[in-house]
Amino acid sequence: MSDPVLEIRGLRVDYGLGDAAVHAVRDVDLTLHRGEVLGLAGESGSGKSTLAYGLTRLLPPPGVVSGGQVIYHPVDGPPVDVLTLTPAQLRQLRWAETSIVFQGAMNSLNPVHKVSTQLLDVIKAHEPTTTAAGRLARARDLLRLVGIAADRLDSYPHQLSGGMRQRVMIAMALALEPQVVIMDEPTTALDVVMQRQILGQLAELRERLGFAVLFITHDLSLLVEFSDRIAIMYGGRIVEEAPAAQLYRRALHPYTEGLLHSFPALRGPRRELTGIPGSPPDLRAMPEGCAFHPRCPKAFDPCEKKVPALGPPIDGDPGRDVACWLHPAAAPVPH
Amino acid sequence: MRFLLQRTAFYLFTAWAAITLNFFIPRLVPGDPVQSLISRNQGRISADAIESLRVLFGLDANENVWEQYLHYWGQLLHGDLGLSFTFFPAPVSTVIGDSLPWTVGLVGITTIISFLLGTALGVGAGWRRGSWVDGLLPATTFLSSIPYFWLGLVAIALFAGPGSFFPSSGGYEPGLVPAFDQYFIPSAIQHSILPAATILVSSMSGWILSMRNMMVTVSSEDYITVAHAKGLSERRVALSYAARNALLPNVSGFALSLGFIVGGTLLVEIVFSYPGLGYQLFQAVGAKDYPLMQGIFLIITISVLVANLLADVAYLLLDPRTRKS
């Protein structure tokens with residue numbers, strides 16, 4: 001496996017302060033390696049978007065990062081902790097090293113400025129020495145990269161379709177050739193045909209440009225196909241992390257299994273779709289022990305008493321982690 | 001372009017309707033100006049004089065209403081608004097021409113200043129929401145809810161009086177001849193400070209509040225988060241992304257308020273006996289000076305319509321979504 005490019009260590013994100021705070025992300029450890037696609041899946045409210053906002057320091061109030069580290073490894077130079085950067089350093093890092101494609105593609109573009117203005121200002125902000133003509137040429141190339149005619153630069157966002165807007169956002173995310181692109185449900189608002197086109201294009205671009213992707217979605221079927229590794233989030237914690245193929249073939253955590261059984265396979269034998277009974281936990285009143293135990297069909301004694309730690313299980317293949325008492329960790333995990 | 005033509009046609013129609021109403025309404029009021037002129041002279045007017053006054057005021061008994069209406073339009077298109085009889089025999093157009101610059105100068109300039117200043121402060125307050133600036137907001141709410149004229153009365157009571165720098169009434173020192181010279185201009189400015197300040201204080205607060213609230217609303221839009229994530233400078237995000245979008249409702253509000261410059265501050269002009277159009281209207285109403293009232297209403301109507309057209313044009317320029325491709 002290649003070097004890490006982004007390491008999240010013990011990240012905690014709260015909404016609110018003091019006793020009333022809701023812990024939306026709890027001690028999350030996650031490593032994104034250079035050039036890989038890491039999928040992050042979970043139900044609504046599992047904390048996956050909050051994690052993305054937290055690690056980029058874009059949390060809207062009352063969200064606060066209450067602990068942990070986000071280590072970014074530049075191509076050359078020493079690693080930096082994103083959470084301790086000064087505002088000026090943070091501005092420099094943003095978009096140039098880690099760009100984001102947001103959930104609300106429809107509203108991600110400023111309605112009063114042309115596409116060109118919004119593509120050019122980010123290049124100008126980070127590379128002030130470039131010439132205006134050079135920036136314009138780059139913007140044209142970027143649009144062509146995502147399959148949009150270059151004359152669309154003069155369009156306003158409302159003149160583009162939803163799919164085109166999302167492509168523009170992807171082009172914008174790649175404008176400075178970042179090492180990491182965070183995608184927060186980038187295709188949720190699009191129809192399946194458009195979704196497929198965009199994902200195909202994205203996979204192709206990644207081959208060519210070699211950036212790493214943190215792909216956040218609630219659609220596990222999408223991740224199985226598109227990502228190298230998948231992390232499953234539940235109640236603010238990562239409950240399972242494994243290479244995509246292994247996870248699909250044999251899920252260890254009952255929650256992952258539930259997710260996998262809630263969409264049909266295109267090929268292979270027919271099977272019953274089951275889904276997961278109950279609803280996601282209330283973050284203000286989390287159950288004791290494993291957060292999933294009230295909904296878990298396989299819950300047994302220790303589940304409601306102690307939180308299982310995420311670690312390589314004794315009965316699993318190497319390179320995968322799970323937090324479940326059914327598959328206890330091979331060795332006690334530090335923390 | 002087609003949109004603009006459509007709007008212009010619409011405003012021309014509205015102007016026609018307004019002018020027609022303007023013609024009919026005074027004729028629905030019982031009594032007529034000749035009657036009131038007769039009673040002003042306590043009946044000591046000869047029958048011939050009465051007849052010629054009727055013709056003069058466009059109330060010729062031999063003409064029916066339709067002929068009078070056409071006649072009115074004919075005069076209007078020649079810029080003839082009739083004769084005022086408070087200032088008899090001065091034509092209404094002269095009376096309006098004399099007082100319009102005062103109103104436009106005082107209220108126009110203060111409206112523009114208060115919009116610019118209020119919007120700028122609102123941008124600042126909205127961008128730094130949650131800081132100490134929010135503590136000042138209740139004060140602006142308070143100020144914006146006070147009527148201009150009451151603030152004017154308070155200002156006169158506090159600042160004007162014998163020996164004070166601020167005069168309590170008039171537009172310039174009595175005895176000066178209106179001209180652009182070194183005696184008249186300073187005097188006119190000195191007389192306008194107090195009324196201008198009252199209008200400024202109470203109207204600026206409204207702009208601050210609305211701009212601040214729009215800034216707060218816009219700040220939670222996705223494209224603002226994207227702008228932050230793009231690593232743009234704070235200044236660029238605040239101005240080019242947030243303020244540029246938050247400005248839209250304020251600009252249409254501003255264009256509309258331009259329309260009310262002419263008639264909207266009647267009470268301030270009365271309080272300060274300022275020789276503007278509002279004061280003139282007040283006198284015209286008191287003296288049942290129908291031609292003058294009609295003329296002033298006409299000016300107000302036209303300026304409201306022009307301001308509306310301006311608002312449309314401004315919106316067209318500022319918001320690409322309203323432009324039809």
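Every chain is numbered from 1 and lettered A, B, ... according to where its sequence line falls, protein lines coming before strand lines. All figures in this text were calculated on a predicted structure; none of them were measured in a lab.
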For B/V226 and A/Q118: C-alpha separation, side-chain torsions, deciding distance, then whether side chain to side chain contact (heavy atoms under 4.5 Å, CB included) applies. CA-CA 10 Å; B/V226 173; A/Q118 303 184 51; over 6 Å; no

What heavy-atom pair brings A/W95 and B/A229 nearest, and what distance separates the two atoms? CE3-O, 3.2 Å

Applying a criterion of heavy atom separation less than 4.5 Å, what residues of residues 202-220 of chain B form contacts with chain A? none

Calculate, to the nearest 0.5 Å, the distance between atoms NZ and CD1 belonging to B/K230 and A/I123 respectively. 9.5 Å

Turns out that what part of B/L318 lies under 4.5 Å from chain A's heavy atoms comes down to backbone

Ranked by heavy-atom pairs below 4.5 Å to chain A, first place among B/N245, B/I224, B/L248 goes to B/N245

If you look at every heavy atom in A/N107 and B/D222, which pair is closest and at what distance? O-CB, 3.3 Å

Answer key: most heavy-atom pairs under 4.5 Å with chain B among A/P60, A/P111, A/A125 is A/P111

Would you say that more than 12 heavy atoms from the other residues, nucleotides or ligands in this model lie under 6.0 Å from the CD of A/E127, or not? yes

Search all heavy atoms of B/Y241 against all heavy atoms of A/D121 and return the closest pair with its distance. OH-OD2, 2.6 Å

Taking atom CD of A/Q92 as the centre, does the number of heavy atoms from other residues, nucleotides or ligands within less than 6.0 Å exceed 12? no

Counting heavy-atom pairs under 4.5 angstrom with chain A, the leader among B/G130, B/G231, B/A227 is B/G231

Part of residues 232-239 of chain B lying next to chain A, heavy-atom separation under 4.5 Å: B/L232, B/S233, B/E234, B/R236

If you tally heavy-atom pairs under 4.5 Å between each of A/H158, A/K114, A/M172 and chain B, the highest tally belongs to A/H158

